[in-house]
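Worksheet: one structure, shown below.
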Amino acid sequence: MSNELELKKCLREAFAKRGLNLSDSDIVIERSKESSHGDYSTNAAMKCAKMAHCNPRELACYLQQNLQSDLIDHIEIAGPGFVNFFMKKGALQGIIGTILANPDTYGRSPSNGKKIDVEFVSANPTGNLHLGHTRIAVVGDVISNLLDWAGYDVTREYYLNDCGNQVEHLGHSLRGRYHELFGEPCELDADDYHGTDIIEIAKQLKEEKGDSLLADNQETHDFFIEYGIKAELAKIKRDLDEFRVHFDVLTKESDIRKGNAIENTIKELSPHIYEKDGAYYLKTSDYLDDKDRPIIKSNGQYTYFMPDICYHYNKMSRGFDLLIDVLGADHHGYINRMKSALMMKGYPADSLEVELVQVVRTFRDGVEVKMSKRTGQAITHRELVAECGVDAVRYLFAERSQSSHLDFNYNLAMQQSSENPVFYAQYAHARCCSVLSLGQDIPLDPSGTGLDSEVESALLKQLACFPSAICSAAEERAPHKMAAYIHKTAELVHEFYAKARIIDRNNISLTSSRLALIKASEIVLKNALSLLGVSAPSKM
RNA sequence: GUCGCUGUAGCUCAGUGGAUAGAGCGACCGCCUCCUAAGCGGUAGGCCGGAGGUUCGAAUCCUCUCAGCGACGCCA
């Protein structure tokens with residue numbers, strides 16, 4: 001049992017003796033920031049003073065006298081009623097053995113049996129991924145990793161819109177570019193896709209099919225769409241693959257529409273549907289929405305919302321305890337709309353959670369850049385990654401809370417140098433590896449004997465709280481907290497390295513302990529970086 | 001107008017009820033005869049947008065207010 005859990009148990013028992021029954025979540029144990037405040041502290045005495053009908057310091061005194069644990073050396077009371085725990089020597093050291101015995105899984109929580117579906121990116125197959133997708137990819141992927149390690153059964157899902165208006169425009173654009181290659185005027189509408197990427201696809205198509213598609217008929221119309229989707233999706237997959245983002249499930253809108261699924265859903269929802277001006281509306285305002293939303297346009301076509309409802313019902317029917325959609329912040333109006341639709345079928349409102357990801361702005365030399373210099377169009381995901389590298393982009397995007405606007409500094413990300421924060425963490429890992437390699441003839445001693453300096457204790461505590469750091473980052477859907485954990489761990493490793501001569505051939509016993517601590521740190525850093533999808537090099 | 005996000009060091013951001021508000025970058029001063037100086041130690045820099053309130057205690061919660069961005073479509 002970790003020290004935190006042990007202390008919680010003791011506190012709960014002490015409170016119970018006084019007739020106060022607290023749950024674990026009521027008790028907060030913190031690692032003390034300062035050594036004069038002990039190893040751990042709790043504010044429980046202040047929190048519960050009212051409930052116990054006495055003043056905080058009195059209650060703290062009671063706790064001081066009634067807490068029993070072999071791990072505690074002594075307890076001090078400070079300030080308005082903080083209870084500071086000073087642990088016995090040896091109480092922290094046990095963690096090294098645990099880490100060394102489970103290098104690949106240290107940090108993982110046991111399975112809790114809950115299934116979560118995380119849908120993210122889901123970019124339409126009509127063009128290149130842009131920086132908004134990059135950020136959503138990082139946030140979605142890291143949240144999935146965190147949930148996985150926190151004990152959830154996670155499905156990463158991509159929803160492919162391969163029906164409707166947008167792919168019609170894609171087909172039409174591709175047709176136009178294809179005809180253009182044969183010297184005909186390119187007829188593109190305002191809503192078509194004017195990007196150069198379509199020209200590339202058209203060239204590829206010409207190579208494969210020659211002039212066989214010049215005739216306009218239903219067959220060629222369908223073929224342009226199908227070919228366009230395939231080509232665009234292949235590019236998206238390639239980009240995400242290179243970005244270390246992989247999906248378990250790809251769901252196509254065309255599959256969702258199969259077997260009259262939409263018509264059947266409309267029948268089911270008919271008590272919530274009414275007709276107005278030739279269109280059909282869903283009464284979402286009966287639930288959480290501020291107005292009703294159209295599901296069938298007056299021209300008879302479905303709005304995007306309708307198949308999306310079916311898609312979410314489809315996800316729920318697969319037995320997930322929770323659906324998470326990671327979306328751009330411009331979708332915030334969508335949340336209550338979709339929750340309302342889920343509630344119409346009897347699902348609770350909180351069966352869907354939407355993580356909104358704020359916009360990305362890019363800066364170069366202190367000036368915002370909106371367009372790529374090379375193409376004159378919006379900067380693409382691919383360009384960014386090619387220029388800055390996967391590790392830097394993933395780390396820098398994960399480092400910021402998704403709820404705040406992200407200003408991405410090109411100059412910083414492109415520098416393969418100390419100024420780039422991702423290298424700080426990777427360097428700490430590489431340093432561990434380097435020292436371990438130099439001392440590989442010395443056996444590791446996982447007992448922690450002799451590791452009692454301030455920085456060693458701080459590092460041990462940091463390594464010990466890795467599992468709980470993962471869980472809280474997962475529960476809060478907060479990738480940036482994992483980045484903060486990594487930074488703190490790297491900082492302690494660097495400090496330890498600077499202050500302690502790790503390999504001392506004249507003191508093999510201490511060296512064995514220190515090498516074991518370095519090995520444990522290396523494992524934690526590697527596992528933590530892998531949660532962000534960032535590599536952990538052994539040499540830099 | 002309604003709703004959402006944001007406002008903290010020169011810049012980019014952590015910190016959402018606890019002790020002296022933190023990090024990176026930038027600035028300045030130190031530290032390699034010795035395991036990677038992509039590092040370490042130190043200095044400077046803050047009425048936490050503003051005003052009220054809640055309580056033992058507020059950057060954090062509530063109300064009001066100011067500013068920036070975004071969303072409010074029979075687009076997706």
Side-chain angles (χ1 to χ4, degrees), chain A residues 28 30 32-34 36-37 41-43 46-47 49-50 55-57 78-82 84 122 124 126 161 164-167 169 191 253 276-281 290-291 293-305 307-308 328-336 356-359 361 363 366 396 399-409 411-412 415-428 430-439 476 478 480-481 483-484 487-488 490-491 493-505 511 514-515 518 539-540:
Chain A
V28 178
E30 281 192 320
S32 306
K33 287 170 201 151
E34 251 184 81
S36 66
H37 296 153
S41 68
T42 182
N43 59 5
M46 294 178 288
K47 270 260 150 56
K50 220 171 232 175
N55 78 48
R57 282 197 71 105
F82 287 102
N84 294 333
S122 298
N124 288 331
T126 54
N161 292 103
N165 264 339
Q166 302 201 61
V167 295
H169 286 299
D191 291 338
E253 183 180 342
K276 192 181 124 192
D277 304 330
Y280 289 84
Y281 285 74
D290 52 1
K291 54 177 148 177
R293 306 291 169 174
I295 51 170
I296 305 175
K297 305 180 208 173
S298 50
N299 67 9
Q301 286 186 335
Y302 300 121
T303 64
Y304 86 98
F305 185 39
D308 241 22
D330 52 341
H331 285 71
H332 88 85
Y334 168 99
I335 302 173
N336 285 336
L356 293 181
V357 179
Q358 288 291 335
V359 296
R361 295 186 303 173
F363 287 80
L396 291 168
E399 203 188 15
R400 300 283 170 244
S401 157
Q402 61 265 26
S403 67
S404 64
H405 303 224
L406 174 70
D407 285 352
F408 185 84
N409 184 340
N411 306 68
L412 183 61
Q415 273 171 34
Q416 305 279 310
S417 81
S418 60
E419 288 161 25
N420 189 337
V422 64
F423 287 96
Y424 186 78
Q426 291 182 317
Y427 183 48
R431 260 189 161 167
C432 291
C433 293
S434 165
V435 175
L436 286 164
S437 145
L438 286 167
E476 294 172 51
H480 71 281
K481 297 216 162 170
H487 185 270
K488 183 71 191 167
E491 186 177 61
V493 166
H494 285 309
E495 192 186 336
F496 175 43
Y497 179 91
K499 283 190 178 160
R501 174 100 202 148
I502 291 157
I503 297 179
D504 179 356
R505 299 265 168 198
T511 298
R514 286 182 165 166
L515 281 174
I518 284 289
K539 254 187 192 167
M540 286 176 74

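A note on names: the letters A, B, ... follow the listed sequences, proteins ahead of strands, and every chain is numbered from 1.
Taking A:D330 as the reference, nothing meets the salt bridge (charged side-chain N to carboxylate O under 4.0 Å, His left out) condition, with sequence neighbours excluded. Under the rule for a side-chain hydrogen bond (donor to acceptor under 3.5 Å, both in side chains), the partners of A:Y334 that lie at least two apart in sequence or sit in another chain are A:D308. Considering only residues two or more places apart in sequence or on other chains, A:S434 meets the side-chain hydrogen bond (donor to acceptor under 3.5 Å, both in side chains) condition with none of them. The ring-ring contact (aromatic ring centres under 6.0 Å, His included) check on A:H487 picks up A:Y424, with sequence neighbours excluded. A:R361 pairs by the salt bridge (charged side-chain N to carboxylate O under 4.0 Å, His left out) definition with A:D407, not counting sequence neighbours. Checked against salt bridge (charged side-chain N to carboxylate O under 4.0 Å, His left out), A:E399 has no partners two or more places apart in sequence or in another chain. With sequence neighbours left out, the side-chain contact (heavy atoms from CB on, under 4.5 Å) criterion links A:Y497 to A:R431, A:V435, A:I502. Listed by chain and residue number, A:E495 satisfy the side-chain hydrogen bond (donor to acceptor under 3.5 Å, both in side chains) test with A:K499 (two or more places apart in sequence, or in another chain). In this structure A:T126 satisfies the side-chain contact (heavy atoms from CB on, under 4.5 Å) test together with A:N124, A:Q166, A:L170, A:Y193, sequence neighbours excluded.
Contact annotation: A:R431 side-chain N/O to B:A37 OP1/OP2 distance is under 4.0 Å. For the OP1/OP2 pair of B:G73 and a distance below 4.0 Å, the side-chain nitrogens and oxygens of A:K291 include at least one atom meeting the criterion. OP1 or OP2 of B:A76 lies within a sub-4.0 Å distance of a side-chain N or O belonging to A:N165.
With a 4.5 Å cut-off on side-chain heavy atoms, A:S404 and A:Q358 do not count as touching. In this structure, the side chains of A:F82 and A:H37 stay at 4.5 Å or more apart for every pair of heavy atoms. Taking the side chain as every heavy atom from C-beta outward, A:L356 and A:I335 approach each other to under 4.5 Å.
The gap from the C1' atom of B:A21 to that of B:G45 amounts to 14 Å, rounded to the nearest Å. Of the P atoms belonging to B:C13 and B:G70, the separation is 15 Å, rounded to the nearest Å. Of the P atoms belonging to B:A51 and B:A59, the separation is 12 Å, rounded to the nearest Å. Remark: the separation of the C1' atoms in B:C29 and B:U33 is 24 Å, to the nearest Å. Across the P atoms, B:C11 and B:G49 are found 14 Å apart, a figure rounded to whole Å. B:U8 sits 32 Å from B:C31 when the C1' atoms are compared, rounded to a whole Å. Taking atom C1' in both B:U2 and B:C61, the straight-line distance is 24 Å, to the nearest Å. Rounded to the nearest Å, the gap between the C1' atom of B:G15 and that of B:C69 is 23 Å.
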When you compare the protein's N or O atoms with those of nucleotides 32-35 of chain B, which come within less than 3.5 Å of each other, and at what distance?
from  : atom 1 : to     : atom 2 : distance (Å)
B:C34 : O2'    : A:R501 : NH1    : 2.7
B:C34 : O2'    : A:R501 : NH2    : 2.7
B:C35 : O4'    : A:R501 : NH2    : 3.1
B:C35 : O2     : A:I503 : N      : 3.1
B:C35 : N3     : A:I502 : N      : 3.1
B:C35 : N4     : A:Y497 : O      : 2.6
B:C35 : N4     : A:A500 : O      : 2.8

Considering only nitrogen or oxygen atoms on both sides, find all protein atoms under 3.5 Å from nucleotides 12-19 of chain B and state each distance.
from  : atom 1 : to     : atom 2 : distance (Å)
B:C13 : OP1    : A:H405 : O      : 2.8
B:C13 : OP1    : A:D407 : N      : 3.4
B:C13 : O2'    : A:R400 : NH1    : 2.4
B:A14 : OP1    : A:S401 : N      : 3.4
B:A14 : OP1    : A:S404 : OG     : 2.6
B:G15 : OP1    : A:H480 : NE2    : 3.0
B:G18 : N7     : A:N43  : ND2    : 2.9
B:A19 : N6     : A:S41  : OG     : 3.0
B:A19 : N6     : A:N84  : OD1    : 3.0
B:A19 : N1     : A:N84  : OD1    : 3.2
B:A19 : N1     : A:N84  : ND2    : 3.2

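In this structure, the OH atom of A:Y302 is 18 Å from the C1' atom of B:C75, given to the nearest Å. In this structure, the CG atom of A:N161 is 12 Å from the C1' atom of B:C75, given to the nearest Å. Between the CG atom of A:L356 and the P atom of B:G4 there is a distance of 12 Å, rounded to whole Å. Nucleotide B:G73 holds its C1' atom 14 Å from the CG atom of A:N299, rounded to whole Å. Rounded to whole Å, the distance from CG on A:D308 to P on B:C75 is 15 Å. Summarising the geometry, the separation between CZ on A:F408 and C1' on B:C11 is reported as 16 Å, rounded to the nearest angstrom. Computed from coordinates, the A:D290 CG to B:C72 C1' distance equals 8 Å when rounded to whole Å. Separating the CZ atom of A:R57 from the P atom of B:G57 is a distance of 16 Å, rounded to the nearest angstrom.
A:A483 comes within contact range of no nucleotide atom at all, as no heavy-atom separation falls under 4.0 Å. Among the protein residues, A:Y281 comes within range of the nucleic acid bases, having at least one heavy atom under 4.0 Å from a base atom.
In this structure, the nucleotide among B:G24, B:C74, B:G41 sitting nearest to the side chain of A:H487 is B:G24. Comparing B:C74, B:G39, B:G70 against the side chain of A:D330 picks out B:G70 as the nearest. Nearest nucleotide to the A:E491 side chain, out of B:G70, B:A23, B:A76: B:A23.
Look at B:C32: its glycosidic torsion is within 90° of 0, and that puts it in the syn range.
Side-chain atoms of A:R505 do not come within 3.5 Å of backbone N or O of A:T511 as any donor-acceptor pair.
A donor N or O paired with an acceptor N or O is not found under 3.5 Å between the base of B:C74 and the side-chain atoms of A:T303. Residue side chain A:Y304 reaches the base of B:A76 through a donor-acceptor N/O pair under 3.5 Å, judged by distance alone.
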Practice problem: Both distances under 3.5 Å, Watson-Crick or G-U wobble: on that basis, could you give the dot-bracket string for RNA chain B, with [ ] for crossing pairs and | for other-strand partners? | Solution: ((((((((.[[[[.)..(...]]]].(((((.......))))).....[[[[[..)....]]]]])))))))....
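Comparing A:A490 and A:R293, the nucleotide of RNA chain B nearest to each residue sits closer to the 5' end for A:A490.
Counting heavy-atom neighbours within 6.0 Å of A:E30 CD, excluding the residue itself, gives a total of 12 or less.
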